[in-house]
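Below is one structure, written out as structure tokens; comments come after it.
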Amino acid sequence: MDYSQFLILKEELSLIAVIVILFVADLFMSPDAHKKDGNPRLNTMLPVVLLTIHTLITIIPGPATDAFGGMYHNAPIQSIVKSILSVGTLIVFLMAHEWLKLPDTIIKQGEFYMLTLCTLLGMYFMISAGHFLMFFIGLETASIPMAALVAFDKYRHHSAEAGAKYILTALFSSGLLLYGLSLIYGTVGTLYFDDIPAHLTGSPLQIMAFVFFFSGMGFKLSLVPFHLWTADVYEGAPSTVTAYLSVISKGAAAFVLLTILIKVFAPMIDQWQEVLYWVIIASITLANLFALRQENLKRLMAFSSISQAGYIMLGVIGGSAQGMTSLVYYVLIYMFANLSVFTVITIIALRAHRFTLEEYNGLYSTNPKLAFLMTLALFSLAGIPPFAGFFSKFFIFAAAFNSGFHLLVFIALVNTVLSLYYYLKIVKSMYINKSDEPIAAFRSDNYTRASLVICTLGIIVLSFASVVYQHIDKFSFGL
């Protein structure tokens, strides 16, 4: 065996090194090994620094390479997506600092970093898979630690219930997906992405295989009708975990789905485009309608994420290089906007101990800066110009329109107007609604402020830095 192949996995090896270092360091951060004034020592700086170094080392994409007989394939566009996910994870670590200071979570800080980075490692393998076995290993490596993260606050906020719902749903969806893969293997005799298309004929058994595969991926992306777990899990999970689940996990799954549809199921494009067409309409419309009725902010953002997943699928349905570019760009901007919103939700919840919209009444009068940053993020999510979210929606609509899905784009535009209502409802609470007891003025810690600054800069800079879109476009590919 040629062990030099392992050097091709530079992103994965770098992340494994970070995980090992943090695993050893946790021995000294744990309450039994080191105490400061009788309390466990919180060390957020170490994982932040290590993840920053890892991101900087791997941020420059290398040439397309294969390893292990084609089971692992890494191209520049995969490296770009991995870097985006790493930056998102870094922001999650920053926003988690104040939450990890709580007495019942500070003793578990090491577990939080380990589990989060293990899910990220699984996403890395999933993104670079060239074989369905490697893809499934990466998928499960990302999914199983996520269930532990969802149940992290098992004594508070129904976190244990959310964890049980997530793991049961994940197991069911993985079973469906694996059954689809077994049908694919049974009909074509191989699981290599490059070899399957030559044997696809669109037979009923192969169509059934695709339906099972897509159903499993639909659960991971929380697309309608595979979305019923989303609101309960988002509400019960810790806010930082909800943020990670809604952005990082969703972004990785969306890109992998597009890659597999282009590489593997290209001969069945008519079948999977029809499936995606109706799933997109259902996801965007139903999610927006349910979001209108929500008073719990985490449930509102859960239905918002289902709707956003529908928009992301607009970049998938055409199977074009433009669609891939717009999808990656959309995920990048959505990451900054959504993580900014969840950072505010996290720090408000730590003081109000609730997630209802009522808690935001009069927030501008006591914490104007926080309300302003929240407004910028909400405007970007809604696609209001001149913020970055407007351009991400424009490009992803353009990709679907150029692929011939004119009516679908029109329905998505109508739903964008509908989504303005529930995003602006939050803004109305902060600026217009009065409260007898608004959240008292407070000052966030440096880590939380850093996460808000990074997210806000991302929203503003990406609204005029067209070079980012052009850079992604150079490496995209399609049918």
Side-chain angles (χ1 to χ4, degrees), residues 169 173 211 214-235 245-247 250-251 253-254 257-258 261 271-319 323 326-327 330-331 333-334 337-338 341 357 378-384 389-390 392-427:
T169 307
S173 64
V211 169
F214 182 77
S215 298
M217 292 300 293
F219 276 107
K220 307 301 180 185
L221 284 160
S222 61
L223 294 167
V224 175
F226 318 105
H227 69 292
L228 296 176
W229 61 273
T230 311
D232 289 343
V233 170
Y234 279 33
E235 182 182 10
L245 186 61
S246 68
V247 178
K250 195 181 298 293
L257 177 61
L258 173 58
L261 291 179
Q271 287 88 349
W272 59 256
Q273 280 186 337
E274 185 174 356
V275 171
L276 271 176
Y277 189 92
W278 296 108
V279 166
I280 290 171
I281 292 175
S283 298
I284 296 175
T285 306
L286 291 179
N288 280 336
L289 291 175
F290 276 96
L292 296 175
R293 304 173 60 246
Q294 304 303 317
E295 292 297 325
N296 183 298
L297 211 54
K298 288 178 78 174
R299 293 186 74 88
L300 187 152
M301 294 306 297
F303 286 107
S304 166
S305 75
I306 297 170
S307 175
Q308 297 287 352
Y311 289 121
I312 291 173
M313 289 299 103
L314 289 172
V316 176
I317 192 168
S326 61
L327 184 148
Y330 193 101
V331 169
I333 292 173
Y334 174 62
N338 215 46
V341 171
L357 198 58
L378 290 169
F379 282 178
S380 184
L381 285 175
I384 297 176
F390 167 77
S392 65
K393 278 190 167 60
F394 173 82
F395 287 128
I396 211 156
F397 288 168
F401 190 88
N402 291 337
S403 297
F405 297 97
H406 304 157
L407 179 60
L408 184 61
V409 172
F410 175 74
I411 294 172
L413 282 169
V414 173
N415 274 280
T416 301
V417 177
L418 188 63
S419 69
L420 286 174
Y421 176 81
Y422 57 82
Y423 288 130
L424 293 179
K425 187 166 69 171
I426 304 173
V427 177

**Asked** Yes or no on side chain to side chain contact (heavy atoms under 4.5 Å, CB included) for V417 and L413, after CA distance, side-chain angles and deciding distance?
**Response** CA-CA 7 Å; V417 177; L413 282 169; over 6 Å; no

Considering residues at least two apart in sequence or located in another chain, which fulfil the side-chain contact (heavy atoms from CB on, under 4.5 Å) criterion with [X]?
X: S305; value: T230, Y234, S246, K250, Y334
X: V275; value: F210, F214, V279
X: F401; value: H406, V409
X: D232; value: K165, R299

**Asked** Are a donor atom and an acceptor atom from the side chains of N288 and S419 found within less than 3.5 Å of each other?
**Response** no

**Message:** Regarding Y311 and S392, do their side chains bring together a donor and an acceptor under 3.5 Å, going by distance alone?
**Reply:** no

pair [X]-[Y]: side-chain heavy atoms closer than 4.5 Å:
X: K220; Y: F226; answer: no
X: Q308; Y: L381; answer: yes
X: W229; Y: F219; answer: yes
X: V211; Y: Q271; answer: no
X: I306; Y: L223; answer: no
X: L289; Y: L418; answer: yes
X: N415; Y: I411; answer: yes
X: S403; Y: I317; answer: no

[X] to [Y] - nearest heavy-atom pair and separation:
X: A400; Y: L314; value: CB-O, 3.7 Å
X: A254; Y: L327; value: O-CD1, 4.1 Å
X: A412; Y: I284; value: CB-CD1, 4.2 Å
X: G323; Y: A399; value: CA-CB, 3.7 Å

Approximate separation, where rounding is to 0.5 Å, of [X] [atom1] and [Y] [atom2]:
X: N338; Y: S380; atom1: CG; atom2: OG; value: 10.0 Å
X: T416; Y: F397; atom1: OG1; atom2: CZ; value: 3.5 Å
X: F303; Y: H227; atom1: CZ; atom2: NE2; value: 6.0 Å
X: Y423; Y: L378; atom1: OH; atom2: CG; value: 8.0 Å
X: L257; Y: M313; atom1: CG; atom2: CE; value: 5.5 Å
X: I281; Y: L276; atom1: CD1; atom2: CG; value: 11.0 Å

Donor-acceptor under 3.5 Å ([X] side chain, [Y] main chain):
X: S304; Y: L300; result: no
X: K425; Y: L292; result: yes
X: S283; Y: V224; result: yes

**Item:** Results of ring-ring contact (aromatic ring centres under 6.0 Å, His included) for F395 - residues two or more places apart only
**Value:** Y329, Y469

**Complete:** By ring-ring contact (aromatic ring centres under 6.0 Å, His included), Y330 pairs with (sequence neighbours left out) none

**Message:** Just checking F290: does its CZ atom have more than 12 heavy atoms from other residues, nucleotides or ligands closer to it than 6.0 angstrom?
**Reply:** no

